[in-house]
Amino acid sequence: MQGRGPWQERVRAPGEPWVWFTAVGLTVGLVMILGLLGLVLVQGLKAFWPRRVVEITLKADTSPQFRGSRVLAGERVLERRKRHPAVEVAGPSEDREWQLFLGNKDVYGQAFRFVDVADVERVRMPSGLLRLERTEYGPLLAYPVALESPGAEPLPAEHPAFLATLQQRIEEAHQRRGEIRRLEKKEIGELNRQLEKLHWRLRALERRQAGGGDVSAELAGIRQRQRELEAAYETLAARARELRAAQERDRLVCRLPTGEEHRVPVGRLLSFYAPNDLGWFGRLQVFATRLREFLTQEPREANTEGGIFPAIFGTFVMTVLMSLAVTPLGVVAALYLREYARQGWLTRAVRIAVNNLAGVPSIVFGVFGLGFFVYVLGGQVDRLFFAERLPTPTFGTGGLLWASLTLALMTVPVVIVATEEALAAVPRSTREGSLACGASQWQTIQRVVLPAAAPGILTGLILAMARGAGEVAPLMLVGVVKLAPELPINTTFPYVHLDQKFMHLGFHIYDLGFQSPDSDAAQPMVFATTLFLLALVVVLNLTAIGLRNHLRRKYASGAF
Amino acid sequence: MPEAVLPPPTRAPLPQRYETARSTLWWDRFMNRFITVGGVAIITVVLGIFVFILWQVLPLFRGATVQTLQVVPASDTAEYLALGLDEYGEMPFLLDRRGRLHFVELNRPGQHRVHPLFPEDNVEVTAWRYHPGRQELLCGTRDGRLERIEIRYRTVHGGGERRLDPDVQVQLLPALARPGHPVRAVDYGDSGTDKLVALAQEVEGRFEVRAALLTQTRGLLGAGQVRVEATFDLTDQVPGRLTHLLVNRMADAILMATAEGEILYFHREGRALRLRQRFRPFKDCLRTEIVLMDFLLGDVTLVLGNAEGRVRLYSLFRPGAEGDRVFGRTKQFPDLAGPPAFYCASQRNKAFVIGQGAEVRLCYATTEKVRWHTDLEVPVQLAALNSKYDRLVLLDAQQNLRVYRLEDPHPEASWRAFFGRVWYEGADRPRFEWQSTGGSDAFEPKLSMVPLMVGTLKGTFYAMLFAVPVALLAALYVSQFAPPEFRGVVKPTMEVMASLPSVVLGFLGALWLAPRLETRVPSVLLILVLVPLAALAMGALWSRLPVVWRARVRPGYEFLALVPVLGLVGLAGWMWGPVLERWLFVVTDPATGERVADFRLWWPAFTGADFQQRNSVVVGFVMGFAVIPIIFTLAEDALSNVPATLRSGSLALGASRWQTALYIVLPTASAGIFSALMVGLGRAVGETMIVVMATGNTPILSFNPFSGMRTLSANLAVELPEAPHHSTLYRTLFLGALLLFVFTFVINTVAEILRQRLRDRFKTL
């Protein structure tokens, strides 16, 4: 108990209700932030949690049938009150509806459907139903019937080894898919790159020829090489075709909940689980698998399925490049302002101006990046080094380098301000001690001031990274795209492709939520991506805050 | 005692020992210089952003520049009637009175090609009209013949150079004219399937006016036969002599100017031709007769000039909400010194060249601006602009062709276009409008910044309306009433809130919150009222409790007691919203006639403003996530930096904690709080992704809370990726960025100066 304050002396302190009133502000603020974090956490994790599939039998006479059947099955996504705006509202029981995720988009044409609760006769959770992830059209919800292979007896679903066999076939198909991918991306891609190089050389030679030079020998050599490459391409393409045919060979026969029979090639299946037969632990396993796949795989089907790995990687590479650019810039500028510049009104004005740049909207930096980096600098680079590719721009269009530089420029005020604060916090006595020992100014800065200020600088850098990682608006102008499975760092020369466009978590959210053809189907993905981005930003920020608090304590104790 | 052995004398210290290593000195000098130069350079570059953006914007405000390229004499002393130009401005042609076309090759001076249009030699052209857009010439002769001539240029490559080859195709128009009588005016409009020809012929001193509608079917094998669909005799409807006759390119209007200065507008609908409007454009002037009547690009605006040199523009629009489109005066240009002698409209934009005597003007119709003017030594007779809008050719009275290079990349830009009301074609009044792209060639970009600025203000207003009370109350509570441990938790939480990526906020606002709020507006209203009331009521109740009870709760922990109560009240408000709706917001559905309780229908019915799902209320709330933490942090700093002596003194004198906060702390920190508000405002103004995602992005001028808007920043994000480099739109968007930059920079500077003042004040306290 604290000492007795004046509020306890008087029976009724004036204005006490207003104190409570001010508490509303804090409550609302905290509820907002915690609510948002909670919402994203729950919705994001829900995207991976395997839901039960319910089979609904509709009432015989009244309700509209679905594809000529009274039975349909799906995941119950949403239960909501049906809105009756009329003043006279009917009884409450008819008032609700369910949104079902039916899957089987290729057969049904739609993946979601609303069902009136009033129309439902019976709900059960059928055992044996499988949820099969596919390479296209989203998941399939169906009862397996048999596994057909050419030249063999179909394996019925009742057979004890059925699921194991299916799993094995899917794994084989997965390997073949990897093989096809390797063939097409790496080997054929390599051929393509060589062909493209030849094409540029050919164009350069043709220009020389037009200028009157004799290049026929070289031309013939290039043509010969082109033919060789094309032959090699044919071989590889034939192999890829063969593998593709193998992907279509085995077929899974299944029965849809509506009673229709459906055949799907095993080569298009990715994984499966039986949602209603899983125990709690089994569901947890599925959850972990889906989470892992989400973080490590490439997106499929206009980004609404699959993972977000390229977006994570793009965000990471861009943030690292940005940090590489912003650290020296910010630190040098801050060192100059704090240690070298004469502290007059001009320095003060510059300090205010730099500080205020942090408040300039990020989109303005994007506009500058587009106008200056992309069009002026990029255009110049293209004219100097990539003239043969013009008018197709290489650096004269948005790309990784320009995006990183734009964000570096945007965050440089943050780093300058943080560094300056950290430098100012280094006690004067420390500096003077160092100088008195005979160290030069640079030595003092290098060995004494900068190490002491390092945590503060790091804090600024982390804050800058958090801002850079979460920023989208400027990136939309300078090089982010909705799909770029080609990573900006790979094994082809020059390994880091600074001119390449890239994917970004923030833009991924925007794109999924707003440009996606099926926004209902994309919503779990958006929430999952949001969760990941939010976690990244919050962790970065908390690190920065923790560092700063640690620093404060250190200086508060006055170690020197 | 033995003699003490003296230690050997120490060597005198080497002077080098005290010297600093050369490398150290070198490094020191190098780094000093490096940091100074680097620091200055970085700061310059960072501040250079403003300069660069300004530099991109400036060309918008430059006028046109016109340079003389060459002066070429036209071949003979013929009387020239019309002047035309090819796309590149390399080969102008002239029509002379005797029905011959003279092509002048500018690249090979002295080379002329003459192309007769009529087989006979003694022809006299009495009526002519040239459509530069379609490169189509119409000629009527003294003996009543009518020809339509298409002039095409073919590019011929040969002998290592490129040259143009004119190709003239003559088409006889149907026998509309009476042979043997002079054609006084003729025009032709072609909409593809329908073609309309009109002519005025002088028959024994009297004007006969006739028109014909031709149709051409288009089959698989190309254009089919042209056939006369209908003929019209308008002689009875036309009083007296005609001075001008125009048919528009849509082939649905015939315009005639009479010698008395009246304009008749005939409109065609199907096969009927009807007089729709008669008006006198120069009714208020001393001399009413019309000297110039011609179309602007798009054929919906008339450029009219009278004998005094007045230049007025009349456009087609619907004066009321309904009714026919008729001509009405929209613009007026500065008077010329005399009757306009020549006129030529651009085929790329709404620019035109006009002049009289030796005076030449380049005007832009939309912005009502004279972009360039000059006075030559010699009077000018004819003018032509090429379709690329980079060459101007004038024929002067000494029969010289003067060729100019025209540079006017941004004719549609001006202060007025960006910040003033502009009367666009088709509109019934001048408006602020933003619409940067459109479907047709004749579309004029509407580039008013005003709707965007209003949108920005609107978004900011609703964001601040929500964020300011919440943030300030929270700051007051945390700094004045809450126990200090609270601060350690609340401040980092708020900082995390400030760092939430705006794309996340925008997504949640648009796809999660907006659909949920759409049907629950009454609930939101109820919560807005109930929550503060509940808090006040609880406070009042609390202060009436016996001291023994109150002493159990440490002061400052009220907040914890409040959370569940406010939660319950909020829930109650959410649940009872529909009840309130059924009680208050009942409206008769016009479609079904039923009485319906629906705020979404009630709002438009009651206020006349529309209701959208993604509206300003949603944006305001979501932007709160971005703005609240900023205001909170800065305001809290300002409040808790108020010297403790002031607070203690006030409390010691017996003021309650509320009185101390309200009368001592708040006024002392007011400058800091104001500065916090400014910084928050700056953030709200520049917020991009939330607005892009959670509004409909329609640039409208309305403060309706249940409609969307388009802000400057959202406009940049939406339009800049599509804007061609260095186009007018591109530079206009940079202007938007400049406005944002300047606005936020100024706001932040003011805030910063206020903060520094406050700091100085606290030092003295």
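So that the names make sense, note that chain A is the first sequence line, chain B the second, and so on, each numbered from 1.
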Would you mind checking which part of [X] comes under 4.5 Å of any heavy atom in chain B, side chain (CB onward), backbone (N, CA, C, O), both or neither?
{"X": "Ile33(A)", "result": "both"}
{"X": "Gln43(A)", "result": "side chain"}
{"X": "Arg348(A)", "result": "side chain"}
{"X": "Val376(A)", "result": "side chain"}
{"X": "Val478(A)", "result": "neither"}
{"X": "Leu337(A)", "result": "side chain"}
{"X": "Val19(A)", "result": "both"}
{"X": "Val350(A)", "result": "side chain"}
{"X": "Leu542(A)", "result": "side chain"}
{"X": "Tyr340(A)", "result": "side chain"}
{"X": "Ala466(A)", "result": "neither"}
{"X": "Leu533(A)", "result": "side chain"}
{"X": "Leu540(A)", "result": "neither"}

Pick from [options]: which one has the most heavy-atom pairs with chain A under 4.5 Å?
{"options": "Ala540(B), Gly570(B), Gly38(B)", "answer": "Ala540(B)"}
{"options": "Ala751(B), Pro721(B), Gly682(B), Pro532(B)", "answer": "Pro532(B)"}
{"options": "Val679(B), Val46(B), Ile53(B), Leu476(B)", "answer": "Val46(B)"}
{"options": "Ala467(B), Ala474(B), Ala498(B)", "answer": "Ala474(B)"}
{"options": "Phe486(B), Phe50(B), Phe621(B), Phe34(B)", "answer": "Phe621(B)"}
{"options": "Leu25(B), Ile43(B), Val45(B)", "answer": "Ile43(B)"}

Which portion of [X] sits near chain A, non-hydrogen atoms under 4.5 angstrom:
{"X": "Ile49(B)", "result": "both"}
{"X": "Val692(B)", "result": "side chain"}
{"X": "Leu508(B)", "result": "side chain"}
{"X": "Leu716(B)", "result": "both"}
{"X": "Phe481(B)", "result": "side chain"}
{"X": "Glu752(B)", "result": "side chain"}
{"X": "Thr688(B)", "result": "side chain"}
{"X": "Phe585(B)", "result": "neither"}
{"X": "Leu505(B)", "result": "side chain"}
{"X": "Gln756(B)", "result": "side chain"}

Could you check if a side-chain atom of [X] sits within less than 4.5 angstrom of a side-chain atom of [Y], using non-hydrogen atoms only?
{"X": "Met497(B)", "Y": "Met32(A)", "result": "yes"}
{"X": "Val526(A)", "Y": "Leu511(B)", "result": "no"}
{"X": "Asn541(A)", "Y": "Glu495(B)", "result": "no"}
{"X": "Phe745(B)", "Y": "Leu357(A)", "result": "yes"}

Shortest non-hydrogen contact between [X] and [Y], atoms and distance:
{"X": "Pro361(A)", "Y": "Gly686(B)", "result": "CG-CA, 3.4 Å"}
{"X": "Pro501(B)", "Y": "Gly470(A)", "result": "CB-O, 3.4 Å"}
{"X": "Ala333(A)", "Y": "Ile42(B)", "result": "CB-CG2, 3.9 Å"}

Give, for atom [atom1] of [X] and atom [atom2] of [Y], the distance between the pair rounded to the nearest 0.5 Å.
{"X": "Phe21(A)", "Y": "Leu533(B)", "atom1": "CZ", "atom2": "CG", "value": "8.5 Å"}
{"X": "Ile35(B)", "Y": "Gln441(A)", "atom1": "CD1", "atom2": "CD", "value": "8.0 Å"}
{"X": "Ser499(B)", "Y": "Ile545(A)", "atom1": "OG", "atom2": "CD1", "value": "7.0 Å"}
{"X": "Trp20(A)", "Y": "Leu562(B)", "atom1": "CH2", "atom2": "CG", "value": "6.0 Å"}
{"X": "Thr24(B)", "Y": "Trp442(A)", "atom1": "OG1", "atom2": "CH2", "value": "13.0 Å"}
{"X": "Tyr477(B)", "Y": "Thr27(A)", "atom1": "OH", "atom2": "OG1", "value": "7.5 Å"}

Indicate, with yes or no, if the rings of Phe527(A) and Phe507(B) have centres closer together than 6.0 Å. yes
Can Leu733(B) and Val367(A) be said to form a side chain to side chain contact (heavy atoms under 4.5 Å, CB included), step by step? CA-CA 9 Å; Leu733(B) 291 170; Val367(A) 170; over 6 Å; no
So which of [options] has the largest heavy-atom pair count under 4.5 angstrom toward chain B?
{"options": "Pro17(A), Pro328(A), Gly330(A), Pro413(A)", "result": "Pro17(A)"}
{"options": "Val360(A), Val412(A), Val374(A)", "result": "Val360(A)"}
{"options": "Gly371(A), Gly359(A), Gly513(A), Gly506(A)", "result": "Gly371(A)"}
{"options": "Val332(A), Ile416(A), Val40(A)", "result": "Val332(A)"}
{"options": "Val28(A), Leu36(A), Leu329(A)", "result": "Leu36(A)"}
{"options": "Val331(A), Leu30(A), Val31(A)", "result": "Leu30(A)"}

Output, in order, the C-alpha distance, side-chain angles, deciding distance and verdict of side chain to side chain contact (heavy atoms under 4.5 Å, CB included) for Tyr336(A) and Val40(B). CA-CA 8 Å; Tyr336(A) 170 73; Val40(B) 172; 3.4 Å; yes
Between Trp658(B) and Trp18(A), how do the two ring planes meet: parallel, tilted or perpendicular, split at 30° and 60°? parallel
Ring geometry between Tyr375(A) and His725(B) (parallel below 30°, tilted from 30 to 60°, perpendicular above 60°): parallel
Show me the pairs that pass salt bridge (Lys or Arg N to Asp or Glu O under 4.0 Å) and involve residues 358-378 of chain A, at least two apart or across chains. none
